[in-house]
Chemist: 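Okay, handing you the structure first.
Worth knowing before you read on, the calculation uses all heavy atoms, side chains too, and leaves out hydrogens, waters and symmetry mates. It should be emphasised that the depicted structure is a prediction, and the values quoted were computed from it without experimental measurement. Residue numbers start from 1 in every chain, and the chains themselves are labelled A, B, ... in the order their sequence lines are given, proteins ahead of strands.
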Amino acid sequence: MLQVNFIRQNKETLIQRMKVRGLDVADKVEKILELDDLRKHLQYDSDNRKAENKKASGSFRSLSQQGKKNELEELRNQIASNKNTIKENESKLDKTKEELYDILVALPNMPHESVPAGHTDEDNEVFKAWESDLPSLHEGAVPHWELAKKYDIIDMETGAKIAGAGFPLFKGKGAQLKRALVNFFLAEASDAGFLEVLPPHLVNKDTAFCTGQLPDKEGQMYYVTEDDLYLIPTAEVPVTNMYRDTIVSESDFPIKLTAYTPCFRREAGSYGSHVRGLNRVHQFEKVEIVMIEHPDRSYDTLQYMLRHVEGLLKKLELPYRILRLCGGDLGFTSALTFDFEVYSAAQNRWLEVSSVSNFETFQTNRLKCRFKDENKKSHLAHSLNGSALALARIVAALLENNQTADGIIIPEALRPYTRFDKID
RNA sequence: GGAGGAAUGGCAGAGUGGUCGAAUGCACUGGUCUUGAAAACCAGCGUACCGAGAGGUACCGGGGGUUCGAAUCCCUCUUCCUCCGCCA
């Protein structure tokens, strides 16, 4: 959520930048400023009347000790009438705040200056392309869902029987490969100085609101009505909320956290061949990295996170490219996002395996996550996160790209974790 | 699930209707002293909004109420702790 003061000071920039998302927010911005002025006015008036009443009730005791009944009565009336005005004022104030909030909460983050304009994923800019040749497969190479069947490592049918379509069941070396990937990713994150946490996998409304899933993505999350809880769509949600209502000191930066969790997504409305196999599922596993950083350094930190993710893909020997998302494809809460895509040879397409974003103060404003500068003034911190990495699609790409006539070869870096070097 | 108890500033912990934004201790920051450090002493030290400033207002788990006046009384919700039951 953007701050009103920020909007006030950066009105023209905001209107211009929102255009890359395809939004015209000029009217909304005017309305926000107008409502905020009204809010200030009403509050000022109420504050003054409250101050008057406070003074008046201060003299109450001495008057009553002196037995001045008439004065007391007059005082009581004066306070009562003031109180009525305050009450009316405050109900107007509440309405104004609500109206203001409704507009603010529906306003997405302001895109970073480097975000290209565009509507769909086709307008995304290739930030770093894969420069070597893409792997060419042997005669008779097949997509991962067929490999999964052939080696009996992923069982979609049984998953569907147990839960429903889109809930894969991993078996044998398939399950072990996933566990190996998780351990590999967590070990890499730990080595890079990220603190591992294992957060709750269900979260309450406040938590889902603060990282921006509510109200924007209400229908995308599984919701447990009985207990009023949401299943997490990503570890970003519980992990970032560790810093809700906190004031950190500047020396705590950069805060680096990592977590492995399952991710649950309803993916309502998805269908067709591009959702086949592991391409799009309701439950997948992911190692997430989250950082809280000083505003001056958050874009350097974003690059640092990019390098971390890149390192993982290099070690896994997977062909990848990095995209800078265009305005139309940019998430609601993000100011700048880079997507990592891995080339899936048998499907001959790029699969998104990571999304690394800087949210600037969009989340921390809701979280109230602040730090104090040397003058003890508090400012909102910046929050960032990225997948490092999402498992299902990495598995899909590994299976497809590494298939040979006599089995699927496990990349060197992963073998200490799998304890086998081939799936056959 | 049943029965009790608790929730106050970074932490600990006073405060049961009036001058309490809140004693005290610890922690922290600045200063004095010291070759340096420690100790001691002095001063400062919550958050947010409005205001150029002086200053004003709100906040003692959340919400509502009583009262001229609420941290303090009433209602309600939430969380935590203890005991019993159940249990990975």
Side-chain angles (χ1 to χ4, degrees), chain A residues 1-9 32-101 103-104 198-210 214 224-230 238 241-253 255 261-262 292 361 363-381:
Chain A
M1 192 149 69
L2 296 170
Q3 300 169 94
V4 176
N5 282 340
F6 175 86
I7 295 173
R8 197 178 285 282
Q9 285 156 23
I32 287 167
L33 298 182
E34 195 181 293
L35 285 168
D36 191 52
D37 286 338
L38 179 60
R39 197 206 96 231
K40 283 182 194 173
H41 169 78
L42 289 168
Q43 180 147 0
Y44 181 73
D45 192 69
S46 287
D47 282 359
N48 281 340
R49 288 177 195 276
K50 280 182 189 169
E52 270 174 42
N53 277 4
K54 249 188 169 172
K55 248 178 228 151
S57 79
S59 54
F60 204 87
R61 202 190 215 175
S62 60
L63 282 178
S64 87
Q65 275 165 355
Q66 291 161 31
K68 295 187 173 173
K69 280 189 181 160
N70 292 342
E71 279 91 336
L72 277 177
E73 200 48 41
E74 202 176 306
L75 204 59
R76 233 191 279 268
N77 288 337
Q78 187 196 321
I79 290 173
S81 96
N82 232 349
K83 259 177 105 171
N84 272 334
T85 317
I86 291 171
K87 212 169 179 181
E88 281 169 33
N89 240 335
E90 296 207 321
S91 91
K92 271 188 228 161
L93 186 62
D94 286 344
K95 261 190 212 136
T96 308
K97 280 184 180 168
E98 209 180 302
E99 211 178 321
L100 184 59
Y101 173 87
I103 300 176
L104 282 174
L198 201 160
H201 296 172
L202 279 78
V203 295
N204 59 33
K205 283 203 161 98
D206 281 345
T207 297
F209 171 77
C210 284
L214 288 180
V224 183
T225 45
E226 188 76 17
D227 298 289
D228 205 17
L229 294 169
Y230 294 88
N241 269 274
M242 288 167 63
Y243 283 85
R244 169 144 44 105
D245 290 319
T246 54
I247 300 179
V248 301
S249 91
E250 233 174 317
S251 58
D252 293 335
F253 291 134
I255 293 166
T261 67
I292 314 272
T361 60
Q363 294 182 328
T364 53
N365 186 28
R366 292 188 181 186
L367 288 161
K368 301 273 170 288
C369 172
R370 292 155 294 174
F371 70 93
K372 284 199 173 166
D373 65 20
E374 61 230 8
N375 301 316
K376 296 196 171 174
K377 212 170 164 239
S378 59
H379 309 271
L380 294 174

Chemist: Partner lookup for B:U57, please. Criteria are Watson-Crick or G-U wobble with both distances under 3.5 angstrom; report none if nothing qualifies.
Modeler: B:A48

Chemist: Got a sec: does the CD of A:Glu250 have more than 12 other heavy atoms crowding it under 6.0 Å?
Modeler: yes

Chemist: Report yes or no: does A:Thr364 contribute a side-chain atom to a donor-acceptor pair with the main-chain N or O of A:Ala381 at less than 3.5 Å?
Modeler: yes

Chemist: Using the P atom as the reference point in each nucleotide, state the distance between B:C42 and B:G25 in Å, no decimals.
Modeler: 11 Å

Chemist: What is the base-pairing partner of B:A3, counting Watson-Crick and G-U wobble geometry with both distances under 3.5 Å?
Modeler: B:U82

Chemist: For the pair A:Ile255 and A:Val248, evaluate side-chain contact (heavy atoms from CB on, under 4.5 Å) and give the outcome as yes or no after the intermediate values.
Modeler: CA-CA 10 Å; A:Ile255 293 166; A:Val248 301; 4.1 Å; yes

Chemist: Whole-Å distance between B:C49 C1' and A:Leu100 CG?
Modeler: 13 Å

Chemist: Has A:Thr246 got a side-chain N or O lying under 4.0 Å from the OP1 or OP2 atom of B:G10?
Modeler: no

Chemist: Once you apply the 3.5 Å cut-off to both distances, tell me the Watson-Crick or G-U wobble partner of B:U66, or none.
Modeler: none

Chemist: Would A:Thr361 and A:Phe6 count as a side-chain contact (heavy atoms from CB on, under 4.5 Å) here? Give the steps.
Modeler: CA-CA 10 Å; A:Thr361 60; A:Phe6 175 86; over 6 Å; no

Chemist: Using the C1' atom as the reference point in each nucleotide, state the distance between B:A71 and B:A38 in Å, no decimals.
Modeler: 40 Å

Chemist: One character per nucleotide, please: for nucleotides 61-72 of chain B, 5' to 3', B when the base has a protein heavy atom closer than 4.0 Å, S when only the sugar-phosphate does, - otherwise.
Modeler: -------BS---

Chemist: When rounded to the nearest Å, what value does the distance between C1' atoms of B:G51 and B:G56 take?
Modeler: 8 Å

Chemist: Separation of A:Glu90 atom CD from B:C49 atom P, in whole Å?
Modeler: 18 Å

Chemist: Is it true that, when you exclude A:His41 itself, more than 12 heavy atoms of the residues, nucleotides or ligands shown sit nearer than 6.0 Å to its NE2?
Modeler: no

Chemist: Any side-chain heavy atom of A:Leu367 within less than 4.5 Å of one from A:Asp245?
Modeler: no

Chemist: Using the C1' atom in both, what is the distance from B:U29 to B:C81, to the nearest Å?
Modeler: 35 Å

Chemist: Encode nucleotides 50-58 of chain B as B, S and - characters from 5' to 3', where the letter depends on protein heavy atoms closer than 4.0 Å: B to the base, S only to sugar-phosphate, - to neither.
Modeler: SS----BSS

Chemist: Using only atom types and a distance under 3.5 Å, with no angle test, would you say the side chain of A:Arg39 pairs donor to acceptor with the backbone of A:Thr96?
Modeler: no

Chemist: What's the CG-C1' distance between A:Asn204 and B:U79, to the nearest Å?
Modeler: 12 Å

Chemist: Expressed in angstrom and rounded to an integer, what is the separation of A:Leu42 atom CG from B:C49 atom P?
Modeler: 18 Å

Chemist: Over all heavy atoms of both residues, which pair between A:Asp206 and A:Asn241 is shortest? Give the atoms and the distance, please.
Modeler: O-OD1, 4.4 Å

Chemist: Considering only atom P, compute the distance from B:U82 to B:U32 and round it to an integer number of Å.
Modeler: 49 Å

Chemist: If you round to the nearest 0.5 Å, how far is CG of A:Asp228 from NZ of A:Lys205?
Modeler: 3.5 Å

Chemist: Would A:Asn204 and A:Thr207 count as having a side-chain donor-acceptor pair, cut-off 3.5 Å?
Modeler: yes

Chemist: Name the pairing partner of B:A71, where a pair is Watson-Crick or G-U wobble with both distances under 3.5 Å, or state none.
Modeler: none

Chemist: Given atom CZ of A:Arg244 and atom P of B:U79, what is their separation to the nearest angstrom?
Modeler: 13 Å

Chemist: If I pick the P atom on B:C11 and the same atom on B:C28, what distance separates them, to the nearest angstrom?
Modeler: 15 Å

Chemist: Name the pairing partner of B:A88, where a pair is Watson-Crick or G-U wobble with both distances under 3.5 Å, or state none.
Modeler: none

Chemist: Does any N or O in the side chain of A:Ser46 come within less than 3.5 Å of the main-chain N or O of A:Gln43, such that one atom is a donor and the other an acceptor?
Modeler: no

Chemist: Which nucleotide, if any, forms a Watson-Crick or G-U wobble pair with B:U35, using both distances under 3.5 Å?
Modeler: none

Chemist: Taking atom C1' in both B:U24 and B:G62, compute the distance separating them and give it to the nearest angstrom.
Modeler: 29 Å

Chemist: Roughly how many Å apart are B:A7 and B:C77, using the C1' atom of each and rounding to a whole number?
Modeler: 14 Å

Chemist: So which nucleotide does B:U24 pair with, by the Watson-Crick or G-U wobble rule with both distances under 3.5 Å?
Modeler: B:A12

Chemist: Calculate the interatomic distance between A:Asp206 atom CG and B:U78 atom C1'; express it in whole Å.
Modeler: 11 Å

